[in-house]
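These notes are about the structure you will find just below.
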Amino acid sequence: MARKDSKRKPKHQADPKPAILEKDKSKNKEDGGPKKISHRTKVRAVKRSLKQAAAKADPTSEAAKKKPKKKKKGPGQDSDSEQDLFDYEASGDESLPQNEFFNSSDEEDPDQEDEQEKANPGFTDENADWLKPKTNLIDDDSDEDLELPNDEFEGDDSDEEKLTTFEREAKELVDEEEENARLNQDELNDAAKQEELEEDELFILPDAEQIEKEKVEPIDLGDVKLRMQDIVRVLNDFKHLKDPSRSRSEYMDQLVRDIAAYYGYSEELAEKLLQLFPVGEAIEFFEANEVPRPVTLRTNTLRTRRRDLAQALIGRGINLEPLGPWSKVGLQVFDAPVPVGATPEYLAGHYMLQAASSMLPVMALAPQPNEMVLDMCSAPGGKTTYMAALMKNTGCVFANDATKDRLKSLKANIHRLGVKNSVICHYDGRMFPKVMGGFDRILLDAPCSGTGVISKDPSVKLSRTSKDFLALSTLQKELILAAIDSINGNSKTGGYLVYSTCSVTVEENEAVVNYALSKRPNVKLVETGLSFGVDGFTSFRGNKFHPKMNLTKRYFPHTHNMDGFYVAKFKKFTNKIPTATEDIMKPVKSTPKNAPKPVTKESTSAQENSTDKPQPELKRKQVANGEPKSNGAKNAPSKKAKVEKPSAPQKNKPKAKPAK
Ligand SMILES: C[S@@+](CC[C@H](N)C(=O)[O-])C[C@H]1O[C@@H](n2cnc3c(N)ncnc32)[C@H](O)[C@@H]1O
């Protein structure tokens, strides 16, 4: 600031001017001769132009934001000339009449300063600062530069031309610099893209030798994960990213091997599960199977209300919330300082620890009070007790299970939760139409491979073989036909069957439902009534299923943050099996030799399943009419039904090990 003070006097100061300045000023006016533009003036002009150009190029820049200093008119300052100059500079308004620039003020004239400088070239303490040569004029963007002395704008036309030339040159310079910067940026972008492309191109599938080597040598799982990501990326944009010498199936095969290695699955199961999803989603599914699902519980409305239960559990320090808008009874537990399976409320039967997805089949079945319902595979009773609660302990729930050991936990739960409308049975479900029929609703929560609950039971990853899947699918098909045949198609309130599994494979779900539809034309698929879920497959890997298969619903850990589940709801609309099926049966009748034995006659061999030909039936017709075989009393079990008594060892034991 010292320099400023010493260099220029503020214009508003009306100090008497030194005589020399007065004199020189008059001289200038009188002379009116051409004035040379000094070097300093030129440099300043260039600098201003650069600033203007920069401001135009980038309106957000500091230069653009900078407002010209408005100088207060001092006493005795009678001209607007300098103010006009600022306005002009700031706006760049070239239409401003040039002559206004040259209106002389009676105040100090910078030219006089120049003259003074010439007259007093001595270097004193007062002028030391400003006499020092400026070394970095262009870069110096102090505000001071806006306070231009008039002499910079005085001059004749040629000066103006020169100034214009400078400005033009300066603008060109700025434009050039901007263009260079743009080009540099473009080059950088191109280089980055190229690098990316090269990286993409760099991914090479292992060859046969490498694959063999990896079978015997330990592999770095981090590398396997990266390779999975690479393969998924390539498969998602196969056209552009593939190695032209490798086929899609080679990439898929490697992905299967990597998933199996990384997540610990058999290759067979890894492949089966991978086929269910687009590759990227499949990885999400496998990842979700590594994470436990939220702890959830179902309020037992036979004993309490959800609000009261929540309050009681919160009082024990348990952090919980309602499960979701789709459930009136579910609660999700976030953390608990006490074991949730051992609270006084639990022991008093106020709730059942139950997976969220496990509530869905019961909601789909929607059993009504006073109905007669069957839970064909019921142990340990999570769904049975929910059914009883929905029925308000009225009507009758037949809780059946073929596995004797599991009946204990079923019985315990029934007692703990205060269920009073149940009958525990121990039959092979496939026998049911012979045991009793006429149910208003049946839940077939079938034994399955458990591929939806891998996070709970990781042993599934390695234990399930293709034989298991075949055997389970066969059993499920037998059970579903038995269930259909045990329903009263004339039920006033129902006539429904819900088929569910905690598996995600197609052969245990859509294939079973499709089989049932093909074998029992007296049922049809109906809406589950569930507010969410992914539609079942209407076709899968070249197999076409019933077009209504989309009414069935799938649930996935990675999509719904619940166990993998499948729910299908049927309505049996008549007990009479339509003619089409009877027609199909005709040839069988004419060749009784081929007639299969009861129970197993509905079972299908692997070959039968694969061709999906309608199965013949004989005696089935007699028991498949769905009418109760008992005296018609709705809530009474048939004579054959054993109440809470395990039956003798099963003659027709399920071929496959039950999943749970
Ligand atoms: C998925 S679990 C049922 C779970 C039960 N619904 C629940 O919510 O607690 C399948 C059950 O089917 C039983 N099971 C297996 N084969 C059977 C058969 N042929 N007939 C009846 N039950 C069978 C198993 O013992 C097992 O308890």
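Just so you know, these numbers use all the heavy atoms, side chains as well, and skip hydrogens, waters and symmetry mates. All ligand and atom numbering here is 1-based and tracks the order in the structure.
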Answer yes or no: does an N/O atom from [X] fall short of 3.5 Å to an N/O atom of ligand 1?
X      : value
Asp375 : no
Leu475 : no
Gly382 : yes

Against heavy atoms of [X], which atoms of ligand 1 measure under 4.0 Å?
X      : result
Lys383 : 6 (N), 7 (C), 8 (O)
Asp428 : 18 (C), 19 (N), 20 (N)
Asp401 : 11 (C), 12 (O), 13 (C), 24 (C), 25 (O), 26 (C), 27 (O)
Pro447 : 10 (C), 12 (O), 15 (C), 16 (N)
Thr403 : 24 (C), 25 (O)

With sequence neighbours left out, write down each residue that passes salt bridge (charged side-chain N to carboxylate O under 4.0 Å, His left out) with Arg554, or none if nothing qualifies. Glu510

Going by atom types alone, do Gln368 and Thr493 pair a side-chain donor with an acceptor below 3.5 Å? no

Can a side-chain donor-acceptor contact be found between Tyr351 and Thr343 if the only test is distance below 3.5 angstrom? yes

At under 4.0 Å between heavy atoms, is it the side chain or the backbone of [X] that contacts ligand 1, or both, or neither?
X      : result
Arg406 : side chain
Ala446 : backbone
Cys448 : neither

Hey, could you give me the CG/CG distance between Asn400 and Asp375, rounded to the nearest 0.5 Å? 8.5 Å

Taking atom CZ of Phe277 and atom CZ of Phe286, what is their separation to the nearest 0.5 Å? 8.0 Å

Given the rule in the side chain to side chain donor-acceptor pair (under 3.5 Å) test, do Asp401 and Ser378 qualify, once you have shown the distances and angles that lead to the verdict? CA-CA 5 Å; Asp401 203 280; Ser378 66; 4.8 Å; no

Should the pair Glu290-Lys461 be classified as a salt bridge under the 4.0 Å nitrogen-to-oxygen rule? yes

Carboxylate-amine/guanidinium contact Lys456 Asp563, below 4.0 Å: yes

